[in-house]
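All heavy atoms count here, side chains included; hydrogens, waters and symmetry mates do not. Positions are given from 1 along the sequence.
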Amino acid sequence: MTLHFEVFGDDKSSGCPTVLLLPTWSIIRSRFWKLQVPFLARHFRVVTFDGRGTGGSDSPGNSEGYAVTEFAADTLAVMDATGTDRAALVGLSLGALWGIRLAAESPERVLGVVCIGPAVPLAPVLPERLGHPFTGPAPAEGWGKYNRDYWLGGGYADFLSFFFGRMFTEAHSTKQIEDTVGWGTEVAPKDLVNATEGLEWPRSNDFRAMCERVTVPVLVIHGDEDAIRNPTAALALAELTHARLVTIEGGGHGPQGRDPVLVNLLIKQFVDTVVPRPTRTKYSRPLRRPRRVLYLSSPIGLGHARRDIAVASRLRDLHPDVQIDWLAQHPVTTLLAESGERVHPGSSWLASESAHIEAEAGEHDLHAFQAIRRMDEILMNNFMVFHDVVSQTPYDLVIGDEAWDVDYYLHENPELKRFSFAWMTDFVGWLPMASGGAAEQALTADYNAEMIEQRARLGRIRDRSIFVGDPDDIVPDGFGPGLPGIRSWTEDNFDFAGYITGFDAGAIGDKTELRAKLGYRQGERVCVVTVGGSGVGGSLLRRVMEAAPLAQRLVPELRFLVVAGPRIDPGSLPRSPATDIRGYVSDLYLHLAACDLAVVQGGLTTCMELTASSTPFIYFPLANHFEQTFHVAYRLDRHNAGRRMDYGTSTPDDIAQAIVDGLDSTARYRAVPSDGATRAAAMLADLL
């Protein structure tokens, strides 16, 4: 029989302890550990394997192959195959049963056991599960769906939705339920029937005797609102194994998914205690410490970075002694290096948000809300990196410019806040796309409701909430049924800095001189085509390049400057006469101010730079991108800025004609004040 396993983190030769994340009931594969693996693998060697009949592991094909003894034997086989002499075992639900058995029967292979929501025979089943046998008539409600005939008769998908809904009883658990139901559909109903019928539960007295033979350290974690397993079993297990018991008030059966920060830190603390390693720490007395700021700038594009560098510069004017570190990733690090800023070495541990967004995108199509929902694994990793960084260095102030991971998980784990925290954003409110129907309306409303509840209960997490813009830039929509209006709520909960362009449009100087400085030829007309700092805009670049020869026939003196940005290979774009293709351009804002026309995506930063420079422009919001479709477009309409076009319905001929028309247009935009960075810095300065 083949078992699929994976090894993460340090090589075993380093002497780093191994953490073995055990499989659970064969309803899902080992992906349920996705929020633990990246963090633990930075500190330990980590091994996972898919349980029998799930993922890449074979199905035994019969119920006998799913006995407890088989899972225990599989664990030892994986340890042998990975050269693991001893490991700290971590088990969820039934995984705790395999772990305790191994600790009792093979203690020489086990450093310790972490039992999460343990499914062990030490307590009666929950009252609502009584009277629902696995075999026999299958009532189609409640625990009656836990029935072999119901699964095999077409009710399997319904059971999965019921079961995982009961697993995550915490409010706002839509993503955790969605994930686990999805993984559950990968398992054949017949295999889960075999796994359930083959599980021979030890008699309670026999299991108690097994627990009493456990001599290694044990940690038990359990939610007191677990609707799958009786929480009193966890208490009994802790007493029998002399374990530490951590009870999560209001927690359900899947804390590794719903409270991943807590679970990650408990596992690390447990392993560090079981296998102590030499550590060196330095403590600086508070009055000897310099003022330190950790700046987090959204890595999706470059717009946030330019404005954040401007804010940091103004903050240094107010506090010349401040030390600013940046926890950042590509492409932001490109601009930071160019500006002489210090990138924290911990940045190398960050998982790429830009790469994820690019992988989610289609042809000029990015469902931004769903892409961010599916980025939970990356956001969890990056928050844990942030946690490690602020645990090692005492920062006075953390500034998060749309650092969604830090803002969300600090509200979920308020005890981890040990610094002043300022949150910056240029939009508020997830909005549904019409294509998502009622389901997406419900999801966005749920996400908005959770944020509103967090802010109402834990206002102390953000010491300053700064909106990059003015109250009139906020969409007039509501957060969802029964929720407040976005504008009124934002006015009550944010300070307003005005828009931050990252440069002073008034200081650019004479346009003719600027064009000459940038190498523009006298008499030529220049159209800049750019899609920002992400790699999502390749299709728009190619579409506009198809239109370029058509426009040049009508305006022979027209030249196109196509800027691919730091994440699109210029060599991947077609070459044509009178088209200048460049990669990353550090002074792009100057080209946007100097050109006759720009064609861009619907990103806020580039569009507002063009607005501030009074440059005519055409913008194409990404399909299904709620921020570009609603928030950005609303702000541009308010500024009377830009011509909006639809990529899906615009042919090269349409774009060529729009370019020609735009060259002859005059920009009459609402002025964009240039003091946004100064205003934002003043709001931050007193937090130091």
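For the pair D426 and R307, the salt-bridge criterion is met [side-chain N within less than 4.0 Å of a carboxylate O]. A salt bridge does not link E360 with R373: none of the charged nitrogens is closer than 4.0 Å to a carboxylate oxygen. Here D495 does not pair with R679 in a salt bridge; the nearest charged N to carboxylate O distance is not below 4.0 Å. D179 has a carboxylate O that lies under 4.0 Å from a charged side-chain N of K34, or vice versa, which qualifies the two as a salt bridge. Salt bridge annotation for R306-E338: absent, with no cationic side-chain nitrogen under 4.0 angstrom from a carboxylate oxygen.
Between the side chains of R316 and H319, no donor-acceptor pair is found at a separation under 3.5 Å. Under 3.5 Å, the side chains of Q657 and D661 contain a donor-acceptor pair of N or O atoms. With hydrogens and angles left out, the side-chain atoms of D401 and Y295 include no donor and acceptor closer than 3.5 Å. Between the side chains of T651 and D654, at least one donor N or O lies within less than 3.5 Å of an accepting N or O. Counting only N and O atoms by type, the side chains of H367 and E440 include a donor and acceptor under 3.5 Å apart.
Considering only heavy atoms from C-beta on, D596 stays 4.5 Å or farther from P616 through its side chain. Looking only at side-chain heavy atoms (C-beta outward), R374 and H356 come within less than 4.5 Å of each other. By the 4.5 Å heavy-atom criterion applied to side chains, V536 and I357 are counted as neighbours. Residues M451 and Y408 are not in side-chain contact: their nearest non-hydrogen atoms beyond the backbone lie 4.5 Å or more apart. At least one side-chain heavy atom of F503 sits less than 4.5 Å from a side-chain heavy atom of S613. By the 4.5 Å heavy-atom criterion applied to side chains, L431 and T444 are not counted as neighbours. Between I324 and V322 the shortest side-chain heavy-atom distance falls below 4.5 Å. Looking only at side-chain heavy atoms (C-beta outward), L622 and D365 stay at 4.5 Å or farther from each other.
Formation of a donor-acceptor pair under 3.5 Å by the S313 side chain with backbone atoms of I309 is not found in this model. Using modelled atom types, one side-chain atom of R543 and one backbone atom of Y647 make a donor-acceptor pair closer than 3.5 Å. A side-chain donor-acceptor contact under 3.5 Å links H631 to the backbone of G429. Remark: side-chain polar atoms of S347 are paired, donor with acceptor, to backbone N or O of A328 under 3.5 angstrom. Under a 3.5 Å cut-off, the side chain of E358 and the backbone N or O of G535 do form a donor-acceptor pair. A donor-acceptor pair under 3.5 Å is formed between the side chain of H344 and the backbone N or O of G346. Between the side chain of T185 and the main chain of G182, a donor-acceptor pair closer than 3.5 Å is present. A donor-acceptor contact shorter than 3.5 Å is absent between the side chain of D587 and the backbone of L590. For T425 (side chain) and F427 (main-chain N/O), a donor-acceptor pair under 3.5 Å exists by modelled atom type. A donor-acceptor contact shorter than 3.5 Å is absent between the side chain of D675 and the backbone of T678.
Taken from CG in D473 to CZ in R635, the straight-line distance is 4.0 Å, to the nearest 0.5 Å. To the nearest 0.5 Å, atom OH of residue Y634 and atom CG of residue D477 are 9.0 Å apart. Annotation: the span from S576 atom OG to Q552 atom CD amounts to 6.5 Å, rounded to 0.5 Å.
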Exercise. Test R29 against H4 for side-chain hydrogen bond (donor to acceptor under 3.5 Å, both in side chains), laying out the working first.
Key: CA-CA 10 Å; R29 56 190 171 106; H4 174 76; over 6 Å; no
Quiz item: Step by step, would you call R31 with D50 a salt bridge (Lys or Arg N to Asp or Glu O under 4.0 Å)?
Solution: CA-CA 8 Å; R31 278 287 287 157; D50 294 333; over 6 Å; no
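Taking the six-membered ring where tryptophan is involved, the planes of Y447 and W430 are perpendicular, since the angle between them exceeds 60° and thus also 30°. Using the six-membered ring where Trp is involved, W423 and W404 have ring planes that are perpendicular, over 60° apart on the 30 and 60° scheme.
In this structure, R559 satisfies the cation-pi test against Y520, with its NZ or CZ atom closer than 6.0 Å to the six-membered ring centre and inside 45 degrees of the ring normal. A cation-pi arrangement is absent between R643 and Y619 under the rule of less than 6.0 angstrom and at most 45 degrees off the ring axis.
The nearest pair of heavy atoms linking N382 to A351 is OD1-N, 2.7 Å.
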